[in-house]
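Structure first, commentary second.
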Protein chains: 2
Amino acid sequence: MSRRDEILDVAVAVLEEQGPDAVTMRELAARMGIRAPSLYKHVRDKDDILAGLQERALIDMARHLAAAEPGLGALADAYRSWAMAHPRLYEVATRRPLARERIAPGVESAAAAPIVAAAGGDEHLARALWALAHGLVDLELSNRFPPGADLDATWRKALTGFEK
Amino acid sequence: MSRRDEILDVAVAVLEEQGPDAVTMRELAARMGIRAPSLYKHVRDKDDILAGLQERALIDMARHLAAAEPGLGALADAYRSWAMAHPRLYEVATRRPLARERIAPGVESAAAAPIVAAAGGDEHLARALWALAHGLVDLELSNRFPPGADLDATWRKALTGFEK
DNA sequence: AATTCTTGGCTAACACTGTTAACCAAGAAT
DNA sequence: ATTCTTGGTTAACAGTGTTAGCCAAGAATT
């Protein structure tokens with residue numbers, strides 16, 4: 001495993017354990033037993049680390065979505081459950097422009113594939129479904145829904161419009 | 001107009017002109033002809049400023065949505081056009097937990113009202129519609145859709161599921 | 001075997017961030 | 001005439017990402 005990958009491992013751990021503000025060059029370095037400037041021997045800058053996290057999130061989510069049972073409902077469940085299992089990672093991967101230059105080719109389309117399949121190949125429908133799921137997750141993660149809202153019911157209602 | 005409101009005015013200007021990273025206490029102060037520490041006489045901390053921006057965004061968006069023609073399509077257009085007219089403000093207002101304690105009561109429900117109305121009072125449907133619109137806007141703003149994607153068509157397709 | 005090159009660490013330092021403390025002048029209130 | 005409040009000031013601190021310059025150890029080359 002490359003040193004860069006070790007850094008990304010540590011970054012994921014810090015992110016999920018202590019939140020995004022704790023993902024600092026000095027904290028990552030400390031966990032690895034080195035000093036912050038040494039990180040730059042393996043990584044271009046902090047943005048490079050975040051792009052790495054984004055790529056990892058896409059890959060992992062793609063695998064999770066691909067393993068879902070067939071059908072729109074199961075796919076939606078998979079999407080939501082992945083996000084809720086890795087909330088910080090979901091945010092950091094999602095709330096920044098896709099760094100297409102820094103991400104291995106095919107990763108983006110692999111993540112999209114299960115959704116496109118569920119949409120029967122209709123790319124507009126696929127994007128609509130994706131946006132719907134992302135919107136629900138994003139609003140839930142940033143506490144925009146009133147406390148106590150029955151989000152299971154909301155998800156069910158949301159999907160009725162699209163189930164054939 | 002209170003000094004706090006002046007600060008928020010400046011913050012909005014800096015945000016839209018130079019992006020979120022430029023919204024710094026020293027930059028805001030410089031534009032007002034004072035020094036950074038003086039801002040703290042009118043504002044609790046930087047988070048207080050961001051909460052103020054969030055409140056302003058909600059109010060302005062509520063007015064814009066309320067002025068839309070009746071019908072789901074027009075409401076969706078209004079939502080999207082407001083976001084595209086104030087992209088940075090939309091982000092900063094949306095990508096942080098709703099600071100309900102710092103926001104005037106009624107603002108949140110006023111912003112939600114037009115959507116709830118369009119949903120015929122069904123709160124789950126309203127939240128689904130909101131999430132759909134937010135998801136589409138959010139993904140567009142962070143450049144997640146492939147370059148050149150026909151988003152008008154995606155919006156049209158997205159709404160077909162919900163038009164009665 | 002002797003030399004050079006590369007790798008991956010180090011310290012020191014810089015410019016910038018939000019924020020606090022301590023001070024002070026001017027007008028309002030008593 | 002005195003005191004209090006308002007809204008500004010400078011100096012400073014801890015923490016951020018990042019660069020420059022140095023150096024030891026192992027790899028590679030002659």
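Convention: sequence-line order gives letters A, B, ...; per-chain numbering from 1.
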Completion exercise
CD of B/Gln54 to CG of B/Asp47, rounded to nearest 0.5 Å, is 9.5 Å
Problem - Salt bridge B/Arg102-B/Glu55, side-chain N to carboxylate O under 4.0 Å - result: no
Problem - Ion pair B/Arg31/B/Glu17, N-O distance below 4.0 Å - result: yes
Exercise for the section: Using whole Å, report how far CZ of A/Arg3 lies from C1' of C/dT7. Expected result: 12 Å
Practice task
Starting at CG of A/Leu139, measure out to NE2 of B/His134 and round the result to the nearest 0.5 Å.
Solution key: 4.5 Å
Fill in the blank from the handout: Rounded to whole Å, NZ of A/Lys46 lies from P of D/dG15 at a distance of 15 Å
Handout entry: Cluster overlap B/Val23 with B/Tyr90, hydrophobic side-chain contacts below 4.5 Å
Key = yes
Practice task
Determine, for B/Asp138 against A/Arg95, whether the closest basic-nitrogen to carboxylate-oxygen distance falls under 4.0 angstrom.
Solution key: no
Practice task
May I ask you to decide whether A/Arg80 forms a salt bridge with A/Glu140, counting only side-chain N to carboxylate O separations under 4.0 Å?
Solution key: yes
Fill in the blank from the handout: Residues of residues 25-45 of chain B with a heavy atom under 4.0 Å from any atom of DNA chain C, listed by number, are B/Met25, B/Arg26, B/Pro37, B/Tyr40, B/Asp45
Exercise for the section: Inspect the contact between A/Asp60 and A/Arg63 and indicate whether a charged nitrogen and a carboxylate oxygen are less than 4.0 angstrom apart. Expected result: yes
Exercise for the section: Step through it carefully: locate the ring centre of A/Tyr79, locate the ring centre of A/Trp155, and say whether they are under 6.0 Å apart. Expected result: no
Exercise for the section: Flag the pair A/Arg56 and A/Asp9 as a salt bridge only when some basic side-chain nitrogen lies within less than 4.0 angstrom of an acidic carboxylate oxygen. Expected result: yes
Practice task
Strictly below 4.0 Å, heavy-atom distances to any atom of DNA chain C: list the hits from residues 11-24 of chain B, or just say none.
Solution key: B/Val23, B/Thr24
Handout entry: Structure string for DNA chain C in dot-bracket form, Watson-Crick and G-U at under 3.5 Å, | interchain
Key = ||||||||||||||||||||||||||||||
